[in-house]
Amino acid sequence: MRSTDLSFSLDDLNPSQKDAVTSTEGPLLILAGAGSGKTRVITYRIAYLLEKRKVPPYAILAVTFTNKAAGEMRERVISLAGKRGRPVWISTFHSACVRILRQHVEKLNVSRHFTIADANSSLKLIKDILKEMNVDEKVLSSRRVSWLISRAKNSLVGPENMSELEEVKRDHLLERMVQAYHMYEERLRGSHVFDFDDLLFFTYRLFEEHPDVRKSYEDLLHYILVDEYQDTNHAQYQIIRQLSTHRRNLCVVGDDDQSIYRWRGADITNILSFEQDYPDAKVVSLMENYRSTGHILKAASCLISKNMGRKEKELVAVRPDGLKVLAYSSFDERDEADFISANILDLMRREGFSSKDFAVFYRINAQSRSIEDSLRRQNIPYAIVGGVRFYDRLEIRDLIAYLRFILNPSDWTSFERIINSPGRGIGKVTMDRIRSAADPETTPEGAAKRTVAAGTVNKKTGASLQAFLNTITALREKTELVSLDEFVVCVLEDTGYLPALQSENTDESRTRIENLQEFRTVVDDFLKSEISEESVSGTEKLSTFLDQISLVSDIDSWADKGSTVTLMTLHTAKGLEFPVVFLSGMEEDLLPHYHSQGEPAELEEERRLCYVGMTRSKERLFLTMARRRRLFGKYDNAFPSRFFTDLPEENVEMHQDTPFPIPGLIRKGGIQASAGGETIPISEFHYEPEHVDGEETLPPGTQVRHPMFGVGQVMSVDGSGGEARITVYFPKGGKKRLIAKYANLQVL
DNA sequence: TACATCCTTCTTTTT
DNA sequence: GAAGGATGTA
């Protein structure tokens with residue numbers, strides 16, 4: 001096909017990619033395997049719509065999951081199609097919803113000047129509610145309630161229908177949960193605050209209850225594109241449907257093997273049943289992997305093929321085999337980290353890799369510590385993505401709470417956060433008085449004024465409270481008078497926040513001040529960016545700014561330009577690629593994670609997570625584990641991840657220096673490391689038994705046979721007699737906790 | 001009301 | 001092994 005009328009060439013694409021780009025009409029599912037050029041296809045497709053099909057840019061909506069992905073997509077579209085591509089609506093789900101809600105949410109009787117609560121604020125609110133309800137945290141934890149409410153909202157279920165939720169249907173605490181959900185909603189609405197999930201839920205309701213609004217978007221958006229479709233939740237799924245039922249020009253892109261957000265409500269069946277939803281859908285599979293060398297890809301493919309809930313498919317390696325995947329089993333997490341540093345140094349020295357070529361992945365953030373220590377010892381520059389987030393720091397949260405409260409006088413949560421920060425002598429007692437002076441309609445300030453007027457608090461407290469109110473009022477007036485960066489300084493100064501930190505003059509306070517300085521650069525960056533328009537009012541600008549920082553993710557703030565090794569969780573790694581990847585902590589209870597071993601579906605998600613990690617690698621892949629690891633401050637013995645047994649021997653081998661064998665893997669150089677994966681010499685494990693039961697008949701290390709799991713080794717025994725709980729490690733089935741009298745174990 | 005100290009729980013993963 | 005909550009003391 002000649003394409004001289006295009007400013008880019010379709011010849012850069014392989015046949016299926018070309019097919020995906022040019023099939024513009026009707027529902028289309030693009031199954032894009034790891035490394036198959038997905039972003040390329042999406043951006044070419046948008047450019048093709050603009051240039052070939054002459055679609056006006058504002059008629060295209062592309063949604064992704066992170067701002068980073070959206071930003072990159074926009075850049076690449078513009079580089080293909082020129083500035084014509086600029087007005088294309090490329091956004092995250094949440095940002096798109098905010099934009100829609102800011103415009104129309106008043107139709108749902110919600111103020112359009114809402115603020116967005118971060119996860120901390122909403123958890124705090126739930127805590128308060130449970131306390132008011134006299135619910136014991138131990139019986140029903142705020143985290144569980146928060147999770148369930150989130151789950152409900154993602155499933156488009158309000159408090160009145162909560163009993164429909166599978167998770168709680170028969171729970172005897174259902175009534176409490178429903179009540180908590182009701183109260184939570186009441187507080188949020190009274191505060192003109194949305195939580196993350198509300199952004200989706202209310203957009204859905206807006207479209208459902210106001211077909212005219214929905215129609216206006218439907219008429220505008222002729223082409224809709226959804227990236228990472230495998231990670232959409234029900235709410236997102238329905239919103240997409242609402243916008244695309246009429247024109248049906250819906251293109252979804254994803255890979256069921258890379259669905260890793262089930263715990264957050266993502267529904268993998270959205271992608272698996274797309275063809276049932278749209279029987280006339282065209283399906284294009286991109287199954288050529290351009291990223292990884294053969295051994296890496298084959299190992300990863302073999303691993304993922306063990307999952308049941310997936311579309312049968314096989315990625316084809318375009319690149320040559322390269323080197324085998326290397327497994328390393330270390331003594332402890334420090335040893336593991338040192339192995340990683342040593343190999344980084346070695347590869348830099350001998351093969352010319354530079355530090356930015358390396359990534360170290362782990363299952364949980366807590367693992368980063370030992371790796372950081374080792375890298376620091378070796379003077380290897382590194383950057384951590386995620387972890388303790390900038391926006392989660394105490395002083396940053398305080399400042400944001402001030403900004404939110406100035407903007408939204410109904411925001412109780414923010415008010416409570418700032419009222420005594422810095423200390424103003426307003427403690428729990430006064431706060432209780434203020435709260436009891438409020439009815440659902442009063443703002444915190446109204447209630448505070450009433451409290452002062454009623455004279456129920458002592459003079460000094462009253463005066464202090466009044467001074468605080470005056471400061472806020474004055475700041476509110478300043479919003480329109482000074483620029484946003486100056487305004488932030490005013491807030492810090494006028495509220496006494498910064499002066500209080502300065503007079504503290506400790507290491508800690510100096511760090512906090514530095515962080516607040518850093519926040520000012522965030523403001524500056526915002527003011528320089530294109531989202532910030534000159535024409536809008538100060539209030540409007542502050543509002544846009546707060547929206548933006550509420551919706552940033554860890555990965556968004558990662559500048560991959562630096563020359564550092566990158567450390568991040570497996571979840572954050574999705575969508576990225578590195579020449580050399582270390583996947584650390586390949587242990588039972590870590591990957592797969594301890595909490596994911598209940599349901600098979602959860603285990604499959606862990607396997608996908610491992611798959612995502614492996615497929616990030618272009619040239620070299622190391623899988624490392626530690627035989628004992630310190631978690632929660634104490635050492636625990638660890639066992640090789642069951643995922644090792646899913647890996648093919650032809651593509652994976654043990655590093656020649658590995659001190660411990662991993663069942664099923666051959667040591668480099670051809671020495672058989674373990675007897676066919678049948679047993680692990682338990683003597684090689686360092687044991688620190690927590691307690692030794694006098695009557696114990698099964699000391700750790702005893703070989704036992706189980707009718708289902710085969711031969712295994714006893715790790716520990718808890719209790720005695722028939723009720724004893726025995727933990728056994730089975731090379732075939734992983735770690736199992738068994739009750740002695742039912743387990744039917746045969747001692748060998 | 002504020003601050004110190006002890007204790008508990010926590011860690012999956014995050015828009 | 002840290003951070004937040006509960007408890008006790010000034």
Side-chain angles (χ1 to χ4, degrees), chain A residues 63-70 91-98 116-120 122-124 127 131 137-138 141-143 146-147 150 153-154 194-200 228 231-233 235-236 259-266 361-370 385-389 391-394 419-432 457-458 460-461 464 547-557 568-574 585 587 589-598 602 605-606 608-610 612-613 629-635:
Chain A
V63 279
T64 64
F65 274 80
T66 66
N67 297 296
K68 181 169 180 282
S91 154
T92 65
F93 266 104
H94 288 82
S95 310
C97 288
V98 170
I116 302 166
D118 53 76
N120 284 313
S122 63
L123 187 63
K124 169 79 167 56
K127 263 185 195 150
K131 206 170 277 175
E137 273 269 341
K138 285 184 190 103
S141 73
S142 50
R143 296 183 66 241
S146 161
W147 184 82
S150 172
K153 289 183 176 180
N154 286 163
F194 281 144
D195 65 18
F196 286 138
D197 306 312
D198 284 332
L199 299 174
L200 302 173
E228 307 281 16
D231 281 326
T232 47
N233 61 35
Q236 289 161 332
S259 167
I260 54 173
Y261 284 105
R262 185 188 121 93
W263 51 276
R264 205 168 76 187
F361 300 150
Y362 35 79
R363 180 64 178 81
I364 63 173
N365 280 307
Q367 280 172 262
S368 73
R369 195 191 189 91
S370 52
V385 184
V388 180
R389 302 181 64 207
Y391 293 103
D392 280 344
R393 295 188 187 177
L394 180 95
I419 181 73
N420 201 33
S421 178
R424 299 187 175 90
I426 298 163
K428 192 176 169 298
V429 178
T430 313
M431 195 53 232
D432 284 344
V457 293
N458 70 46
K460 209 170 133 213
T461 313
S464 173
D547 283 351
Q548 197 199 309
I549 62 174
S550 301
L551 299 174
V552 294
S553 67
D554 286 334
I555 195 68
D556 294 338
S557 44
M568 66 177 87
T569 65
L570 286 165
H571 283 87
T572 327
K574 191 173 75 166
E587 294 143 38
D589 288 350
L590 203 49
L591 184 66
H593 191 269
Y594 177 70
H595 285 303
S596 314
Q597 301 188 4
E602 290 182 333
E605 176 142 315
E606 296 288 306
R608 290 194 291 268
L609 207 44
C610 187
V612 166
R629 179 179 297 278
R630 203 148 80 150
L631 275 181
F632 305 121
K634 73 174 188 19
Y635 274 105

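Chain identifiers are assigned alphabetically (A, B, ...) following the order of the sequence lines, protein sequences preceding nucleic acid strands; residue numbering begins at 1 within each chain. Excluded from the calculations below are hydrogen atoms, water molecules and symmetry mates; all remaining heavy atoms, backbone and side chain alike, are included.
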Please report the distance, rounded to the nearest Å, between NZ in A:Lys68 and P in B:dT15. 13 Å
State whether the aromatic ring of A:Trp263 stacks on the base of B:dT13, taking stacking to mean ring centres under 5.5 Å apart and ring planes under 30° to each other. yes
Pairs under 3.5 Å (N/O, protein and nucleotides 6-9 of chain C):
none

Measure centre to centre between the rings of A:Trp263 and A:His571, then say whether the value is under 6.0 Å. yes
Contacts under 3.5 Å, N or O only, protein and nucleotides 2-10 of chain B:
unit_1, atom_1, unit_2, atom_2, d
B:dA2, OP1, A:Gly425, N, 3.2
B:dA2, OP2, A:Asn420, ND2, 3.2

Among B:dT14, B:dT11, C:dG1, which is the nearest nucleotide to the side chain of A:Arg630? C:dG1
By salt bridge (Lys or Arg N to Asp or Glu O under 4.0 Å), which residues pair with A:Arg264, not counting sequence neighbours? none
Closest approach to the side chain of A:Phe196, judged atom by atom: which nucleotide of C:dA2, C:dG5, B:dT15 is it? B:dT15
Testing B:dT11, B:dT14, B:dT1 for proximity to the side chain of A:Val429, the answer is B:dT1
Where the side chain of A:Lys127 is concerned, which of C:dG5, B:dT15, B:dT14 is the nearest nucleotide? C:dG5
Does a nitrogen or oxygen in the side chain of A:Ser596 sit under 4.0 Å from OP1 or OP2 of B:dT13? no
What pair of heavy atoms forms the shortest contact from A:Ser142 to A:Leu123, and how long is it? O-CD1, 3.7 Å
Using a cut-off of less than 4.0 Å, is there contact between a side-chain N or O of A:Thr430 and OP1 or OP2 of B:dT1? yes
Would you say A:Ser553 reaches B:dT15's phosphate, i.e. side-chain N/O to OP1/OP2 under 4.0 Å? yes
Would you say a side-chain N or O of A:Thr572 is under 4.0 Å from OP1 or OP2 of B:dT14? yes
Classify the angle between the aromatic ring planes of A:His94 and A:Phe196 as parallel (below 30°), tilted (30 to 60°) or perpendicular (above 60°). perpendicular
